[in-house]
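Residue numbers start from 1 in every chain, and the chains themselves are labelled A, B, ... in the order their sequence lines are given, proteins ahead of strands.
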Protein chains: 2
Amino acid sequence: MFKKVLISEDLGSISNGIVSILEALHIDNFQQVQYCDDAYLKIKRAEIDEHPFDLLITDLSYKEDHRQQKYQSGETLIKALKQEYPNLKIIAYSVEDRPQKIRTVMLGCNADAFVCKGRNGLKQLEEAIFKVYNGQTYLSPQVANVLRKSSNTEIDDFDIEIMKLLANGFSQDEISQHFKSKNINPSSLSAIEKRILKLRSSFSAKNATQLISIAKDLGLI
Amino acid sequence: MFKKVLISEDLGSISNGIVSILEALHIDNFQQVQYCDDAYLKIKRAEIDEHPFDLLITDLSYKEDHRQQKYQSGETLIKALKQEYPNLKIIAYSVEDRPQKIRTVMLGCNADAFVCKGRNGLKQLEEAIFKVYNGQTYLSPQVANVLRKSSNTEIDDFDIEIMKLLANGFSQDEISQHFKSKNINPSSLSAIEKRILKLRSSFSAKNATQLISIAKDLGLI
DNA sequence: AAGTCCCTTACGGAATCCCGTAAGGGACTG
DNA sequence: CAGTCCCTTACGGGATTCCGTAAGGGACTT
């Protein structure tokens with residue numbers, strides 16, 4: 001079983017819940033931090049000292065406070081750590097249950113498991129720890145299907161970028177200018193229009209406003 | 001000090017944190033539930049049995065699962081309880097920190113305190129319990145000003161309704177028709193336009209799309 | 001080389017949004 | 001009563017969006 005575990009979670013009481021799971025598994029070598037940056041530093045330090053952590057359990061969203069952070073979210077932390085220390089196993093433990101978010105964390109950041117906080121969250125976390133220890137990935141049952149169903153979304157970064165710009169009040173023409181200035185193709189007004197039309201139809205949105213409303217609800221932007 | 005306390009919170013680990021606070025205050029007569037409906041029933045039952053609760057500490061958002069609930073959120077629960085049992089003190093304990101949400105809970109639902117979950121959440125919860133016991137209200141320091149500053153927002157239900165319709169893809173003309181059909185005034189296209197213009201300018205949004213994006217971020221819709 | 005498929009780009013017209021201007025009406029005041 | 005303030009409603013025109021149609025070009029097949 002895992003020998004050395006780090007818990008990164010800003011809410012003390014949830015942290016305690018995780019600790020109780022670890023204790024039940026007789027993992028007593030663990031540490032806790034409340035900030036992403038602390039997690040990063042502790043893991044780096046442990047690697048240098050040649051007593052590395054072999055599991056990180058981390059939240060995704062952290063309340064901001066006075067302390068300026070380099071890593072603002074669990075996603076950026078996970079991505080950075082997985083690049084530097086591919087052997088470190090990482091479990092995301094979050095209230096998030098939006099498909100796109102989970103895809104980002106599992107596929108974009110390469111987390112090993114995604115457990116949704118909820119009534120059975122701790123039990124699922126325990127399962128996740130076993131699975132991950134055996135080299136498998138794990139998803140909470142209620143979201144287990146989001147990766148398999150590539151289903152709808154051939155929505156790429158370009159689409160996301162367009163929607164972000166729309167949400168920031170850019171006109172279609174301004175979006176076109178924006179991509180032209182960054183030498184990103186396609187960039188013509190027509191192409192932008194077409195892209196937005198495709199997005200609207202795939203989300204059955206009557207206009208750009210509703211499109212952005214839906215995209216926000218889905219956590220795409 | 002409070003004699004009988006109910007904790008309503010779907011995440012077990014957070015519930016444990018609250019319990020530890022109560023124990024530190026030597027309040028040992030408390031019960032825990034994980035669903036709003038259970039909270040309502042327990043309080044009702046206790047009133048009938050003439051051993052009423054005198055404090056409820058409740059979360060606002062509950063993960064949905066198979067159990068169909070009459071009260072879907074903490075807000076509806078708080079509002080209903082405060083109407084039936086004005087003597088019952090209620091503390092909302094939530095990750096929410098959006099001004100509009102807090103206004104709704106404090107002013108619309110008549111909660112006695114609003115504590116933000118966060119790094120110091122439990123300490124603040126303890127303060128809130130004292131304040132509320134002394135007949136005062138309490139807000140977490142980081143959001144303490146949201147009620148005083150009535151500041152900008154004279155955004156009324158009509159504005160909110162317009163924004164919801166916009167988010168659902170209605171054109172300005174359709175919104176006008178909508179209000180006409182419900183005999184709500186103002187309803188003319190011009191009036192709707194003017195209202196949206198005011199909303200856009202008060203949120204400095206370049207167009208309706210950005211307006212809805214901002215409104216979503218603020219939790220207004 | 002011709003054919004096709006797919007993608008980018010272009011154009012035009014109808015609908016909608018954006019914004020300034022202004023008329024009408026109720027409430028309140030001197 | 002006239003004057004003002006505020007709100008609702010109306011109108012017009014320029015900008016933008018929406019949507020169908022279509023030309024151009026690259027990749028790939030036959």
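The salt bridge (Lys or Arg N to Asp or Glu O under 4.0 Å) check on A:K89 picks up nothing, with sequence neighbours excluded. Partners of B:Y35 under the ring pair (Phe, Tyr, Trp, His ring centres under 6.0 Å) rule, at least two apart in sequence or in another chain, do not exist in this structure.
If you take CD of B:Q177 and C1' of C:dT16, they are 14 Å apart, rounded to a whole angstrom. When rounded to the nearest whole Å, the span between NZ of B:K180 and P of D:dT8 equals 13 Å. Rounded to whole Å, atom P of C:dC17 lies 12 Å from atom CG of B:L165. A straight line from CD1 of A:I184 to P of C:dC7 spans 19 Å, rounded to a whole angstrom. The distance between atom CG of B:L199 and atom P of C:dC19, rounded to the nearest whole Å, is 14 Å. Look at CD1 on B:I192: it is 15 Å from C1' on C:dT16, rounded to the nearest Å.
Taking side-chain N and O atoms only, A:S190 has no distance below 4.0 Å to OP1 or OP2 of C:dA10.
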Name every donor-acceptor pair, under 3.5 Å, that has one atom in a side chain of residues 120-127 of chain A and the other anywhere in the protein, sequence neighbours excluded.
unit_1 : atom_1 : unit_2 : atom_2 : d
A:Q124 : OE1    : A:S140 : OG     : 2.5
A:Q124 : NE2    : A:Q142 : OE1    : 3.4

Donor-acceptor pairs are to be reported for all side-chain atoms of residues 160-173 of chain A against protein atoms at under 3.5 Å, with residues two or more places apart or in another chain.
unit_1 : atom_1 : unit_2 : atom_2 : d
A:N168 : ND2    : A:K164 : O      : 3.3
A:S171 : OG     : A:D173 : N      : 3.4
A:S171 : OG     : A:E174 : N      : 3.1

Could you list all N or O pairs between the protein and nucleotides 14-21 of chain D that sit under 3.5 Å apart?
unit_1 : atom_1 : unit_2 : atom_2 : d
D:dT17 : OP1    : A:Q172 : N      : 3.0
D:dT17 : OP2    : A:Q172 : N      : 3.1
D:dC18 : OP1    : A:A208 : N      : 3.2
D:dC18 : OP2    : A:Q172 : NE2    : 3.2
D:dC19 : OP2    : A:R200 : NH1    : 3.0
D:dC19 : OP2    : A:R200 : NH2    : 2.5
D:dC19 : N4     : A:E193 : OE1    : 2.6

Worksheet item: So B:D112 and B:Y138, side chain to side chain contact (heavy atoms under 4.5 Å, CB included) or not? Walk me through it.
Response: CA-CA 7 Å; B:D112 297 287; B:Y138 178 88; over 6 Å; no
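The stretch residues 53-63 of chain B participates, sequence neighbours left out, in these side-chain hydrogen bond (donor to acceptor under 3.5 Å, both in side chains) pairs: A:D97-B:K63, B:S8-B:Y62, B:T58-B:Y62, B:D59-B:K117.
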